[in-house]
Protein chains: 2
Amino acid sequence: MRFPRPHPNISGIKQEELRRHNLSLLLRYVHLAGPTQRATLTAQTGLNRSTIGALAADLASTAGLVREESPEVRSGAGRPSFVVVPETERYQVLAFDLRVDRIVGARVGLGGTVLSRDVVPLLPDCRDFDEVVKLTATTARRLVDALGPQARCVGVGIATPAVVRGSDGFVRFAPNLGWEERPFGEALGVALADVLPGSMLDDAGVLVANDADLGALAEQARGVARGHDDIVYLSGNVGVGAGIICGGRPLRGHGGYAGEAGHMVVNPAGQRCRCGARGCWETEVGTDAVLRAAGHEPGDGTTVQDIVASAQAGSPRARWALDEVSRWLAVGVGNLVNLFNPELVIFGGELRDLLALMEHDIVSRMGAGGLTVSREHVALVPSALGGDSALFGAAELAFARLLDDPLGVATSLAAMGG
Amino acid sequence: MRFPRPHPNISGIKQEELRRHNLSLLLRYVHLAGPTQRATLTAQTGLNRSTIGALAADLASTAGLVREESPEVRSGAGRPSFVVVPETERYQVLAFDLRVDRIVGARVGLGGTVLSRDVVPLLPDCRDFDEVVKLTATTARRLVDALGPQARCVGVGIATPAVVRGSDGFVRFAPNLGWEERPFGEALGVALADVLPGSMLDDAGVLVANDADLGALAEQARGVARGHDDIVYLSGNVGVGAGIICGGRPLRGHGGYAGEAGHMVVNPAGQRCRCGARGCWETEVGTDAVLRAAGHEPGDGTTVQDIVASAQAGSPRARWALDEVSRWLAVGVGNLVNLFNPELVIFGGELRDLLALMEHDIVSRMGAGGLTVSREHVALVPSALGGDSALFGAAELAFARLLDDPLGVATSLAAMGG
DNA sequence: ACGAATATGTTCTGCCGCACAACTTAGCAT
DNA sequence: ATGCTAAGTTGTGCGGCAGAACATATTCGT
C-alpha cells in the first residue's frame, strides 16, 4: 500500500527542534505582548524557572534579540522578576502596504513598534508594474538609510490588493492595479538586493501577500482579535477580500489563494462582475456598488465615507443605498459565519464605516434566517488598526521567519552581514 | 499591557512531549499506512535507526499496540527490515453512523480494518431521541460481545446528521432527525457506561460529530484525499453539509459548527429553507430539490439515484431537473473553491451520483465565471469510501486520542480495566 | 528598624531522549 | 563460500529540561 503523506507533520521532533520551539515561543511572546516578566513567562509556558532563565539568556547574549531589565514598578512581596524586553531598535523589518492610490512603507521594530513611516502617492498613471517596483525600492532605500548603526533588517513584507501565490509572491490577478500574472515577489527581490546587502533576501526574498490576509494577521497579533483563534477579517478597499484565521492559523488553501470572499456569488440575478460571474459579493457591497446605489458615478471623487456621512445627515437616497448594501452585507457575512463559525467578523477598510452605521441592520437581517447556532457567539466588530492593519500584517509576515527560528536566523544573519 | 493568548500553542514543549509526539507519529503512520518496514519509518520521519527501534519496541512491549514481524517478501540486498504491524485485533473502537433511516455500527481495529458490522433500521417513528440512544446502546452491546478476549475498546465515535457542539457532542440542531438541543453525547455516555466498563468513556465520553466533518476526516485518512491538506468534502444526505480540511487540519470553528455549507445563501430569490432564510444551497441542490425539480414529491419513495438513472435513460424531465440542480451546484462549489482554494472537492452521499452524470456541466459552469486562479488546480471527485465515509470517520475520531498519546492512553486503560 | 515571609533568580545534579559510531546480523550476488 | 549491502543492536555522548538547594531582593508585620 502506497502512502504519500500520512500527516501534516510527518517528521519526528528532535531535541534541537525542541529548543528552537521554546526559544521561538519566548521571543514571539515578548514580540506580541511587549516587555514581560520572566515569572510570567514561566507561568504561561509551564516551563521551569531555570529553563526560562536559560532561554532568555540565550536570546539575550547569543543574538541580542532581547534584553533583561529590572522592573520599574514593583508590586507584591518577593524578589522582583526581571523583565524581558524585545530589542526593538536592533531587529527591524520593512513593511509595505501597496494600495491603489499610494504606497505606505514603514520600519517596524521587534515588538511591533513603528519606527518610521513613509507614504508615496501613486498617481493613476504610475500603477505600472515596473514603476511600482521602482518606487517601492526607493522607499525602501530611504527607510534603510534611517536604520541605526546597530540595526539589522531581518525581513521585508508587502501587502497587495491582489491574488498572490503563497510560495513566491507571484501576483496572479490584481484588477485594481491592472496587473495580471506578474512576478512581483521576484522583481522586488531583485530591486531590493542592493538596497539590502547581506539581509535575509537571499534566503526568502521579499514576502508578498494579500492585503486582507495580512489584515487578519495583524488584527490577531495586535488588534481586536488578540486571543481569538477563529476570525474572519473583511477588507473593503474598492474590492472585497477576506482574511481568515481558523484554529489560530491563517487559512491559506492549496495555492495560497483562499479567502476570495469578494467573488462569492450571493445574487445570481445581480450585476456582472469583472471576474465574469454574476452577483459576486463585491459587486453588491464593494465601493462602486455603494457609490452607484447612492447615485454617484465611481471615480467622481465621492467616497463611501461621504455616503455614510450624508446618510447620517439624513439624506434619504444615501440611507436607501446603505440599506440596500447592508442587505447584501448580511447575506455574505451570514454565509461566512455559517462556513467558518468564527468568534469575530472584523470589518476593515471602508466596511468599517459601513458597520459603524449599519451594524444593527446587518445583525437583525442575519438573525432573520440561517442557522442561529453558528451566529449566537459571533461578534461584528470594526478593525482596531484602522487603515494600518495590512501594513502591520506585512510587518508580522516579515518577522515570521525570525520568530520561528530566532537563533538560527539571527546568527546566520550575523555571519552574512555583520 | 494585558495579553490573553499570544499563540495557539502557548505551552512550552518538554522532553516527555517530544517522546509522546514521536510515538504518536509512528503509531499514526502504521494505523494509516498499514504494516510498514522500520527502514521506511526511519526514512520518513528523519529519526535515527536506533530511535525508531526504541520507539517501536516501546509501542510493542509496553502496550502491545504494534508487533514486529519479519517481512515475507524480500527484495534487494541487505538485511531485511522488520515490519511494524498495528495490533488490529487488540485495539479496537466502536464506530457508528447515525442516519435518518438506520444506524450502522462497526467494530474497527487499529489500522482501520472493519472487524464486524451491524445495521439497525430506523423506522420513521423510532427517531425519537431516547429510542435512538437505546438502539445505539444495544447495538454497542452486540459489538462489544464480539470483542475477543485480548481486545480492548479504546473509544467510541458516532457520526450524526446534525449540528453538533464540538466540546461535548451536544446536538444543537438535527432537522432530519427532528432533534433540537439534545445532549446526545452525554446520553450516549450514560447509556454505554455499563456496556463498556473500564473503557475510555470516563475520560472523554462518546465522541459525537457531524457526519460531513467525519466524512472529510475519513477521506483524508483512507480515501481519495490521502496526502492532500486542503479539501472540501460535500455530504449530500437529504441535507447538504461540508466537512472542510485546511492545512491538514479539520476546520472546526469556534463552537465546532464550521462547514454549514448547506445554509449558504446562493439564490436570494429562491425557496424558503427550514432555517428561515431564502435560497439556501440545500434548498437548491438537496435531495428534495432534485426530486421536486424532476416532478416527484419528496417521500414518494423516489431517490436521487432514480432520477439520475432516468436521466441516463433519456428522460427529458429528469435531464432538465439535473441540469437545473447542476447550475446551483456549480454556484455553491464555486463559492467554496473561492473561499477555501482546495485541491479536491469530494462529492459524497447522493451528490456522488450527481457528480457522476453532471461533472462536465458543473465544471464548465464554474469556468464561466469567478476567479480562474483558485479553480485551476481543483479537482471534483467522488467519495472513495462511498456510503461508509462517515462511519470510517467516526472510527478515526474514536482512535484520535489513542493516536495522540499512545502509551498514556494504553497504560491508563490497562490500569483501569485489565 | 529589623526579621519573617515571599517570590524569584541561580547553580548543580540528574534524568531522559535522541544521534552517532561501532559492531552484528541477515539476505543477496557472484 | 565469500563479499557486499542494508538494516538491526548496543554503548556512548550530548543537549535539554526538571527539580532541589541555595542565594537574593523586595514587602509585610510588629
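Proteins come first, then strands; the chains are lettered A, B, ... in the order of their sequence lines, and each starts at number 1. Hydrogens, waters and symmetry mates play no part in the numbers below; they use all other heavy atoms, side chains included.
Per the geometry, CZ belonging to A:Arg20 stands 14 Å off C1' belonging to D:dG16, to the nearest Å. Taking atom CG on B:Leu18 and atom P on C:dC18, their separation rounds to 5 Å, with Å as the unit. For the pair A:Asn22 CG and D:dG15 C1', the computed distance is 13 Å after rounding to whole Å. B:Leu47 has its CG atom 10 Å from the C1' atom of C:dA19, to the nearest Å. Rounded to a whole Å, the NE2 atom of A:His21 is 18 Å from the C1' atom of C:dC18. Atom CG of B:Leu407 is separated from atom C1' of C:dG17 by 14 Å (rounded to the nearest Å). Spacing between atom CD1 of B:Ile52 and atom P of D:dA6 amounts to 19 Å, rounded to whole angstrom units. Taking atom CG of residue B:Leu23 and atom C1' of nucleotide C:dC18, one finds them 13 Å apart after rounding to whole Å.
With sequence neighbours left out, the salt bridge (Lys or Arg N to Asp or Glu O under 4.0 Å) criterion links A:Glu89 to no other residue. Contacts of B:Thr62 classified as side-chain hydrogen bond (donor to acceptor under 3.5 Å, both in side chains), with partners at least two apart in sequence or in another chain: B:Asp58.
Side-chain N/O atoms of B:Gln15 and base N/O atoms of D:dG16 include a donor-acceptor pair closer than 3.5 Å.
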Per-nucleotide protein contact string for nucleotides 2-13 of chain C, where B marks a base within reach and S marks sugar-phosphate only (heavy atoms under 4.0 Å, - for neither): ----BBBBBB--
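Side-chain N/O atoms of B:Arg38 and B:Ser81 include no donor and acceptor closer than 3.5 Å. Remark: the A:His228 side chain and the A:Glu219 side chain contain no N/O donor-acceptor pair separated by less than 3.5 Å.
The pair B:Arg19-B:Glu17 does not meet the salt-bridge criterion, since no charged nitrogen lies less than 4.0 angstrom from a carboxylate oxygen.
The two residues A:Val154 and A:Arg401 have their closest heavy-atom pair at O-NH2, 4.3 Å.
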